[in-house]
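A short write-up of the structure that comes next.
Nothing here was measured: the structure is a model prediction, and the numbers come from that model. Values below: all heavy atoms of this structure, side chains included; hydrogens, waters and symmetry mates excluded. The first residue in the sequence is number 1, and the count goes up from there.
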Amino acid sequence: LSINRAAEDASGSALPIFTSAIKKMSIKDAIGIVKGDSTAGTDYLQKKSASDLETAFSPTIKSSLKKVNATKYWKNVITAYNKIPLVKKMNPNLEIYVTQRTIQWLFYIVEEEEIKILQKLVKQRKDSAILYREQNREDLAEPEEKQAEVIAQFLPEQLSEAELEAKVEEIISQTGA
């Protein structure tokens, strides 16, 4: 819980860093985002602001962890854990670990929001096209559908029903469920 609180405390300083990265965006960067995939905007922010976020988050996380004495046993426990063969190694420095995980979490959330925005835009265009068709306004429905198609190109590819079933069967066979 104290680790989550430290992450929450630090994440509040992300907005000015993101704003600065956006203000410094070049036309080349903007074109790259428009021509990129569904997470191109997030990728840009990550590339341009990750080090600034780390610098901004570290003192807040350090202070939050210190308040609850969260670092007291972390280093010894994680150092011992890291000696176990075949485990994914973890950073024994709790402040660095929490800072890195907070930044990963933040960009995951931004990426999810980016996709939700695109999905909403596609839905709005499709809904508008339906309404225009109901009003016999084909001249307005067609452009809405075309815009929906263009925006949809930026969304991650959706699995077909057959692909989804195959994935589920694969997971079931791997897990023995």
Side-chain angles (χ1 to χ4, degrees), residues 1-79 81-82 87-129 143-144 146-159:
L1 185 61
S2 59
I3 291 173
N4 288 344
R5 177 68 59 209
E8 289 171 7
D9 291 345
S11 64
S13 59
L15 183 59
I17 294 169
F18 285 161
T19 302
S20 175
I22 291 167
K23 286 181 178 179
K24 293 176 184 173
M25 184 184 299
S26 69
I27 293 188
K28 183 180 177 183
D29 294 328
I31 291 170
I33 291 170
V34 170
K35 290 186 173 183
D37 63 13
S38 63
T39 60
T42 303
D43 296 342
Y44 169 81
L45 283 176
Q46 191 165 14
K47 183 174 86 174
K48 296 294 182 178
S49 62
S51 65
D52 291 340
L53 289 170
E54 191 169 335
T55 301
F57 287 6
S58 288
T60 305
I61 288 172
K62 182 177 183 175
S63 173
S64 294
L65 293 173
K66 191 173 186 177
K67 283 181 198 173
V68 295
N69 205 16
T71 58
K72 186 175 183 179
Y73 301 107
W74 177 266
K75 185 175 182 179
N76 292 338
V77 169
I78 297 306
T79 300
Y81 169 83
N82 285 340
V87 298
K88 183 178 178 187
K89 305 302 182 208
M90 294 176 60
N91 192 329
N93 183 318
L94 183 60
E95 294 164 21
I96 293 172
Y97 175 78
V98 173
T99 300
Q100 290 170 342
R101 295 294 296 192
T102 300
I103 292 169
Q104 289 171 353
W105 167 80
L106 180 64
F107 284 112
Y108 171 79
I109 298 298
V110 170
E111 184 176 300
E112 291 296 307
E113 287 303 311
E114 186 175 5
I115 291 169
K116 285 179 187 176
I117 290 167
L118 292 170
Q119 289 170 332
K120 182 178 179 180
L121 291 171
V122 169
K123 183 180 181 330
Q124 287 173 340
R125 297 307 184 284
K126 288 181 177 181
D127 290 348
S128 293
E144 292 292 332
K146 288 180 181 175
Q147 288 177 22
E149 289 173 16
V150 170
I151 296 167
Q153 292 173 7
F154 295 97
L155 288 168
E157 190 174 320
Q158 301 293 311
L159 294 176

Can you measure from [atom1] ([X]) to [atom2] ([Y]) and round to the nearest 0.5 angstrom?
X      : Y      : atom1 : atom2 : answer
Leu155 : Glu114 : CG    : CD    : 10.0 Å
Lys116 : Leu118 : NZ    : CG    : 12.5 Å
Glu112 : Thr42  : CD    : OG1   : 9.0 Å
Gln100 : Glu95  : CD    : CD    : 12.0 Å
Ile109 : Gln104 : CD1   : CD    : 12.5 Å
Gln153 : Lys35  : CD    : NZ    : 13.0 Å

If you define the side chain from C-beta out and look only at heavy atoms, does anything of [X] sit under 4.5 Å from [Y]?
X     : Y      : answer
Asp37 : Phe154 : no
Ile22 : Leu45  : yes
Leu53 : Phe18  : yes
Ile78 : Asn91  : no
Lys47 : Asp43  : no
Ile33 : Met25  : yes
Trp74 : Met90  : yes

Could you go step by step and tell me if Ser26 and Asp29 meet the side-chain hydrogen bond (donor to acceptor under 3.5 Å, both in side chains) rule?
CA-CA 5 Å; Ser26 69; Asp29 294 328; 3.0 Å; yes

Check the pair Glu54 / Thr99 against side-chain hydrogen bond (donor to acceptor under 3.5 Å, both in side chains), numbers first and verdict last.
CA-CA 6 Å; Glu54 191 169 335; Thr99 300; over 6 Å; no

Can you give me the closest heavy-atom contact between [X] and [Y], atom names plus distance?
X     : Y      : result
Gly32 : Ala40  : O-CB, 4.2 Å
Ala14 : Leu106 : CB-CD2, 3.7 Å
Ala21 : Tyr44  : O-OH, 2.7 Å
Pro92 : Asn82  : CD-ND2, 4.3 Å

For Asn76 and Thr79, does a side-chain donor sit closer than 3.5 Å to a side-chain acceptor?
no

side-chain contact (heavy atoms from CB on, under 4.5 Å) involving Ala56 - partner list, sequence neighbours excluded:
Ser13, Ile17

Lys28, NZ: over 12 other non-hydrogen atoms inside 6.0 angstrom
no

